[in-house]
Amino acid sequence: MKLIEGVMYQTNAPKGIDPDEIFFVQVDATKCEACGSCEEVCASGAIQAINDEGTRQVVDPAACMNCGQCLVSCPYGAIYEGVSYVDEIFEKLKDPDTVVVSMPAPAVRYGLGECFGAATGTYVGGQMHAALRKLGFDYIWDNEFTADVTIMEEGTELIQRVQEQGKKDARPLPQFTSCCPGWVKFAETFYPDLLPNLSSCKSPIGMLGPLSKTYGAHETKTEPKKVYTVSIMPCIAKKYEGLRPELADSGFRDIDATINTRELAYMIKTAGINFNSLPSQQPDPILGDSTGAATIFGNSGGVMEAALRLAYEVLSGKKLANPDIKVVRTHEGINTADVKVPNFGTVKVAVASGLANAAKLCDEVRAGKSPYHFIEIMTCPGGCVNGGGQPLDPDVRASLFKSTVAQINRRFRARKVSA
Amino acid sequence: MKMNRRVFIKACGVMAGYAVLGANLTKEAVASTMDFVGLRQTSVYTADAKIYKVRKSQDNPMIKKIYDHEHGFLHEGPCGHMSHHLLHTHYNDRSARLAALKNKGFKFNL
Ligand code: SF4
Ligand code: SF4
């Protein structure tokens with residue numbers, strides 16, 4: 001076990017193992033204080049009391065979506081991660097025969113700075129690229145580029161589905177987004193009948209892996225078999241996604257390793273890099289350049305807004321003068337909107353933040369009562385910026401415990417007075 | 001029972017969770033976490049508006065290059081043959097294992 005930014009990690013870097021057999025998140029029974037916070041935030045109910053003392057455990061990997069919301073909400077630091085590739089990545093970075101590619105997700109650059117003392121949410125995209133170069137990554141490619149590719153693919157798929165309606169073998173509407181690995185596993189486990197509604201698009205990282213080993217390798221004249229792809233995510237469920245057996249379309253494993261924001265901070269600190277003094281740097285071209293539409297993937301409602309910036313222009317044939325489509329921006333809960341598109345009509349959309357809200361929209365689709373064309377779902381409330389792999393909220397551990405004691409004391413006094 | 005530190009904290013924990021305060025405490029903690037999440041969200045929208053020069057995916061020059069009709073790696077366009085091979089996937093019904101757990105007596109939320 002290794003302590004990384006306040007969370008314990010098993011240094012287990014699985015290869016060729018069925019990810020359904022792995023606990024990506026588990027409770028250390030010796031540290032659990034049976035407070036129940038984890039159970040409250042878990043939509044599936046995978047984490048439950050296993051004895052009369054109330055000690056919690058993730059009872060089976062099949063019921064766990066690997067989102068890590070329990071981990072970031074545990075006030076006692078009792079939940080650890082089961083998989084970490086940091087040791088392996090350090091070795092690959094040293095190996096002259098391996099071409100190591102960085103693939104950071106949008107939300108990483110809004111959390112990483114916090115590990116180096118920056119205010120919550122500070123954007124550190126440029127310093128992140130510089131740090132990856134300093135760590136020795138050979139290509140500073142960026143998952144934001146494939147967020148843009150995702151919009152092209154998923155937006156086109158949506159337009160096709162809309163046009164297909166009424167024809168034989170039409171794919172069903174609404175179309176659900178497929179970028180969030182917690183949500184995808186949730187659909188596979190609890191709503192398998194709705195799988196035809198999921199976009200067939202891989203997530204951005206599912207696209208950047210194979211593009212790195214085909215297009216990227218070709219453009220940089222690199223032997224594909226030497227390429228080692230490192231997915232850097234605000235997320236724990238992405239470790240599960242990276243191990244999916246079907247993600248091997250490049251002829252190799254598409255994604256070789258997955259780490260999260262906390263682990264990247266740990267690597268930067270371990271390498272002795274002074275993050276705060278780094279200059280802002282650009283990613284490498286080909287698979288690096290990105291847009292505002294890509295960066296908002298980190299927020300709930302972001303994929304929706306980015307897709308609408310494309311759909312509006314394709315469907316109407318007009319330029320979208322102001323790209324802000326604020327009605328779909330979602331902080332919590334379920335958000336719905338009617339988006340009027342000239343020369344087309346109304347696009348009806350819904351955004352669900354958190355799997356308990358997702359279940360409500362899924363039940364509606366299952367009952368055949370969903371009026372929407374397109375539904376975005378994010379497992380973590382607020383979106384990837386609140387992912388299970390992001391730096392911890394310092395207040396969860398500090399003030400929750402203090403306020404617990406304070407509230408218990410208050411109750412105790414109140415009872416004494418009335419008695 | 002000797003009230004050492006660990007037992008004391010544990011007692012607080014148990015009471016906080018259910019016996020004394022019900023689920024309210026968790027709800028409060030979640031609400032304060034959402035303030036924290038809001039700061040990160042705001043920063044994302046600020047970067048979209050102020051830092052990123054190009055704001056629509058279809059306007060990204062590297063997107064134009066990869067989808068270029070003549071020389072692009074994905075020259076057939078989005079959802080073309082190469083896209084389907086590399087960028088699209090299929091999903092697996094994973095409900096059987098959950099059903100087996102339920103048959104063993106495990107309870108889940110759904
Ligand atoms: S939140 Fe942490 S301490 Fe509380 S029950 Fe869950 S694992 Fe135990
Ligand atoms: S990782 Fe997510 S799904 Fe798994 S037990 Fe924790 S909160 Fe529940």
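Each chain gets a letter, A, B and so on, in the order its sequence line appears, and its residues count up from 1. Hydrogens, waters and symmetry mates are skipped; everything else that's a heavy atom, side chains included, is used.
- No hydrogens or angles considered: nothing links the side chains of B/Tyr52 and A/Ser290 as a donor-acceptor pair under 3.5 Å.
- A/Gln69 does not touch chain B: none of its heavy atoms, backbone or side chain, sits under 4.5 Å away.
- Panel note: side chain A/Glu153, backbone B/Cys79; a donor-acceptor pair is recorded below 3.5 Å.
- Proximity to chain B is limited to the side chain of A/Glu219, based on heavy atoms less than 4.5 angstrom apart.
- Interface remark: A/Arg329 contributes backbone and side-chain atoms alike to the contact with chain B (heavy atom separation under 4.5 Å).
- Most heavy-atom pairs under 4.5 Å with chain A: of the set B/Thr89, B/Val37, B/Leu87, this distinction falls to B/Leu87.
- At a 4.5 Å heavy-atom cutoff, the contact between A/Leu320 and chain B is made by backbone and side-chain atoms alike.
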- Query: Would B/Ser57 and A/Arg309 count as a side chain to side chain contact (heavy atoms under 4.5 Å, CB included) if you check the C-alpha gap in whole Å, the side-chain angles of each, and the deciding distance to 0.1 Å?
  - Reply: CA-CA 8 Å; B/Ser57 301; A/Arg309 289 178 190 178; over 6 Å; no
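- Dense packing is recorded around NE2 of B/His84, with more than 12 heavy atoms of other residues, nucleotides or ligands lying under 6.0 Å away.
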- Query: Can A/Asp20 and B/Arg94 be said to form a salt bridge (Lys or Arg N to Asp or Glu O under 4.0 Å), step by step?
  - Reply: CA-CA 10 Å; A/Asp20 279 318; B/Arg94 294 180 200 278; 2.7 Å; yes
- Query: Run the side chain to side chain contact (heavy atoms under 4.5 Å, CB included) check on B/Arg40 and A/Thr120 step by step: do they pass?
  - Reply: CA-CA 6 Å; B/Arg40 288 185 183 154; A/Thr120 304; 4.0 Å; yes
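- The two residues A/Tyr110 and B/Ala47 come nearest to each other via the heavy atoms OH-CB, 3.2 Å.
- Residue A/Tyr312 does not touch chain B at all, counting heavy-atom pairs closer than 4.5 Å.
- In terms of heavy-atom pairs under 4.5 Å with chain A, the best-connected choice from B/Gly80, B/Pro61, B/Ser83 is B/Ser83.
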- Item | Intermediate values then yes/no, side chain to side chain contact (heavy atoms under 4.5 Å, CB included), A/Tyr123 and B/Ser43 | CA-CA 7 Å; A/Tyr123 172 80; B/Ser43 175; 4.2 Å; yes
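- Contact tally against chain A (heavy-atom pairs below 4.5 Å) for B/Leu98, B/Val44, B/Thr42, B/Ile51: the top residue is B/Val44.
- To the nearest 0.5 Å, the span separating CG on A/Asp289 from NZ on B/Lys53 amounts to 9.5 Å.
- With chain A as partner, the option from B/Thr33, B/Leu74, B/Ile63, B/Leu39 having the largest number of non-hydrogen pairs under 4.5 angstrom is B/Ile63.
- A pairwise comparison of heavy atoms in B/Arg97 and A/Ala62 identifies NE-CB, 3.6 Å as the closest pair.
- A distance-only check finds a donor-acceptor pair linking the side chain of A/Lys202 to the backbone of B/Leu86 [under 3.5 Å].
- Separation of atoms OH (B/Tyr45) and OG1 (A/Thr295) is listed at 11.0 Å; rounding is to 0.5 Å.
- For A/Ala43, the part sitting under 4.5 Å from any heavy atom of chain B is the backbone (N, CA, C, O) and nothing else.
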- Message: salt bridge (Lys or Arg N to Asp or Glu O under 4.0 Å) for A/Glu305 and B/Arg55? Distances and angles first, verdict last.
- Response: CA-CA 11 Å; A/Glu305 182 170 343; B/Arg55 295 190 61 198; 5.2 Å; no
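- Across all their heavy atoms, B/Met34 and A/Asn386 have their closest contact at SD-ND2, 4.4 Å.
- The contact between A/Thr189 and chain B is made by backbone and side chain atoms together, counting heavy-atom distances below 4.5 Å.
- For A/Tyr215, the parts lying near chain B are the backbone and the side chain together; criterion is any non-hydrogen pair under 4.5 Å.
- Using a 4.5 Å cut-off between heavy atoms, A/Ser199 contacts chain B through its backbone alone, with no side-chain atom that close.
- Neither the backbone nor the side chain of A/Cys380 comes within less than 4.5 Å of any heavy atom in chain B.
- Using a 4.5 Å cut-off between heavy atoms, A/Val184 touches chain B through its side chain atoms alone.
- Heavy atoms of B/Phe108 lying under 4.5 Å from chain A belong to its backbone as well as its side chain.
- Neither the backbone nor the side chain of A/Leu194 comes within contact range of chain B; no heavy atom of the residue lies under 4.5 Å from a heavy atom of that chain.
- Side chain to side chain, A/Glu246 and B/His90 fail the donor-acceptor criterion of an N or O pair below 3.5 Å.
- Annotation for A/Thr330 and B/Gln41: closest pair O-NE2, 3.1 Å, computed over non-hydrogen atoms.
- Of the residues considered (B/Asp59, B/Thr46, B/Asp93, B/Asn92), B/Asn92 shows the highest number of contacts with chain A, using heavy-atom pairs under 4.5 Å.
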